[in-house]
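Contents: one structure, followed by commentary.
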Amino acid sequence: MRKKIAVLMLSSMLLLSSMLSASPVNAKADMSVTDDMPVSFEHSYVMAAEVTVNINGNNIYFPDQSPMIVNDRTMVPMRAIFEAFGARVEWYPEDEAVYAVLGNTDILLVIGYNEMAVGDYFVSLDAAPFIENGRTMVPLRAISEAFNAKVQWDANTRTVLISTDGYTPDIPKPVPSYPQNAMQQSSDSQPDESVQYPEVEVFNEVNRLRAENGLAPLTWSNSLAAVARAHSYDMAAGGYFSHTSLDGRSSSDRIENAGISYRRMAENIAAGQSTAAGAVDSWMNSEGHRANILDPELTHLGVGLAISEGSQYKYYWTQCFTGSAPAANITADNKLSMEHRVLDLVNAERAAYGLNALVWNESLADVARAHSYDMAVRGFFDHTNPDGLSPFDRIKQYGITYSVAAENIAEGQSTPEDVMNAWMNSPGHRANILNASLTELGVGLYISDYGYGYYWTQNFRTPR
């Protein structure tokens, strides 16, 4: 057993600050057991399954490991008792140490060590913490009294009665970190009671990474966090890991079902990472997930964590992102200007290759606008619409004849420059833009509060 923390406790209280800098206290407890952890100690102990623990009139349930009597002291599983008090708790496997915080009180215990640090003071323990059946056992009375609770023993019912005597822990709410001038003052952007500290840790780390890359911070959303948390719990309970839930709902379905409007959305999921930092690191090492975190078009984020002891991965994380609806900011004249800007960019590309400039065709633009609108409203992305009509069918429906015709589509790009960059980096789309046989172009842009927000269509032709 390592004695590093015990030695540091005896020599200096610097231990607490060093542990906090190494691993934030806001992280959820990591209750994993490593091979070098002892499974028993040379103590005289008896099982105390008949002992009941009651806090403020509520019996505490210990599902995995019953209380034990060690040196006439009741020892209970760490997670259950700290969560019953509402404390935040962390397990440091390398040092076999338990660190817990409730309001302004912090506690440090080390496996096998007969002293407990409470703030700047040391408290002697009649029974040291130990591991039993993979559970960290801690002294009930010492912890309760450290949290300013009153402890009594009812011999008739063999019940440990704990009362906080009206004491309300001063537990700070998790608060997202924003640049001072970027704080969004709304009820949805202020974390509610359901928010967990690791979720906000992920949020704050995402904004730190965005700042490093010169991007605006995201705004916290309780509504998105509720959607994310529900999906994390669903994956844990359903035994699956996917963006599509077992009932067939997609990430966009779940967001829309919650009544959340958006012009752009994204979702990241992860499983198995026991800390917020671990989850973010895994996403940042994946190109697609990293792109979502650093997407300049996204404005809001909610994070959901589910911890399920009996599940395959135990820890399930979901990030739900949205971009705010821009419709009020872009007028019809703005959209018309953006469509014509695409024509200018197309002709600039063609000129670079010595090709003739295309001429604007308003009838083709009407065909393009109708298809962009249809994709947004009916929720598809394809050259062939749900009615089976191809681009050539739609062009003919408008009474337009052609000898050569072509179509490009795109979604999600918020500027003409972005959509042209996407098309020029795609061989098929690029070929249409640089087709020497084409002479006319119409562009249609539709902006939606849902889906990918921006829907683009280019329709080309050469008259007969």
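Index from 1, following the sequence.
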Give, for atom [atom1] of [X] and atom [atom2] of [Y], the distance between the pair rounded to the nearest 0.5 Å.
{"X": "L298", "Y": "C320", "atom1": "CG", "atom2": "SG", "result": "11.5 Å"}
{"X": "N268", "Y": "H289", "atom1": "CG", "atom2": "NE2", "result": "5.0 Å"}
{"X": "I131", "Y": "I111", "atom1": "CD1", "atom2": "CD1", "result": "4.0 Å"}
{"X": "K314", "Y": "Q273", "atom1": "NZ", "atom2": "CD", "result": "13.0 Å"}
{"X": "N58", "Y": "I55", "atom1": "CG", "atom2": "CD1", "result": "8.5 Å"}

[X] side chain near [Y] side chain, heavy-atom distance below 4.5 Å:
{"X": "P129", "Y": "Y113", "result": "no"}
{"X": "L301", "Y": "T219", "result": "no"}
{"X": "M424", "Y": "E349", "result": "yes"}
{"X": "V101", "Y": "F82", "result": "no"}
{"X": "L445", "Y": "Y455", "result": "no"}

Side-chain ion pair, [X] and [Y], N-O less than 4.0 Å:
{"X": "R290", "Y": "E287", "value": "no"}
{"X": "E339", "Y": "K335", "value": "no"}
{"X": "R394", "Y": "E407", "value": "yes"}
{"X": "R88", "Y": "E83", "value": "no"}
{"X": "K396", "Y": "D393", "value": "no"}

Can a side-chain donor-acceptor contact be found between [Y] and [X] if the only test is distance below 3.5 angstrom?
{"X": "R350", "Y": "N356", "result": "yes"}
{"X": "N222", "Y": "W220", "result": "yes"}
{"X": "W456", "Y": "Q458", "result": "no"}
{"X": "E440", "Y": "N361", "result": "yes"}
{"X": "S250", "Y": "D253", "result": "yes"}
{"X": "D234", "Y": "Y240", "result": "yes"}
{"X": "T318", "Y": "S232", "result": "yes"}

Closest non-hydrogen atom pair between [X] and [Y], with its separation:
{"X": "W360", "Y": "V443", "value": "CH2-N, 3.5 Å"}
{"X": "L343", "Y": "L358", "value": "CD1-O, 3.8 Å"}
{"X": "E297", "Y": "S414", "value": "OE2-OG, 2.8 Å"}
{"X": "H429", "Y": "S426", "value": "ND1-OG, 2.6 Å"}

ask   = Under the salt bridge (Lys or Arg N to Asp or Glu O under 4.0 Å) criterion, do E199 and R229 qualify, and how do the steps go?
value = CA-CA 9 Å; E199 296 169 346; R229 200 173 298 119; 2.8 Å; yes
### Task
Give the C-alpha distance, both sets of side-chain angles, the deciding distance and a yes or no for ring-ring contact (aromatic ring centres under 6.0 Å, His included) between F380 and H371.
CA-CA 10 Å; F380 70 97; H371 189 57; 5.8 Å; yes
**Side chain S245, main chain R249, donor-acceptor under 3.5 Å** = yes
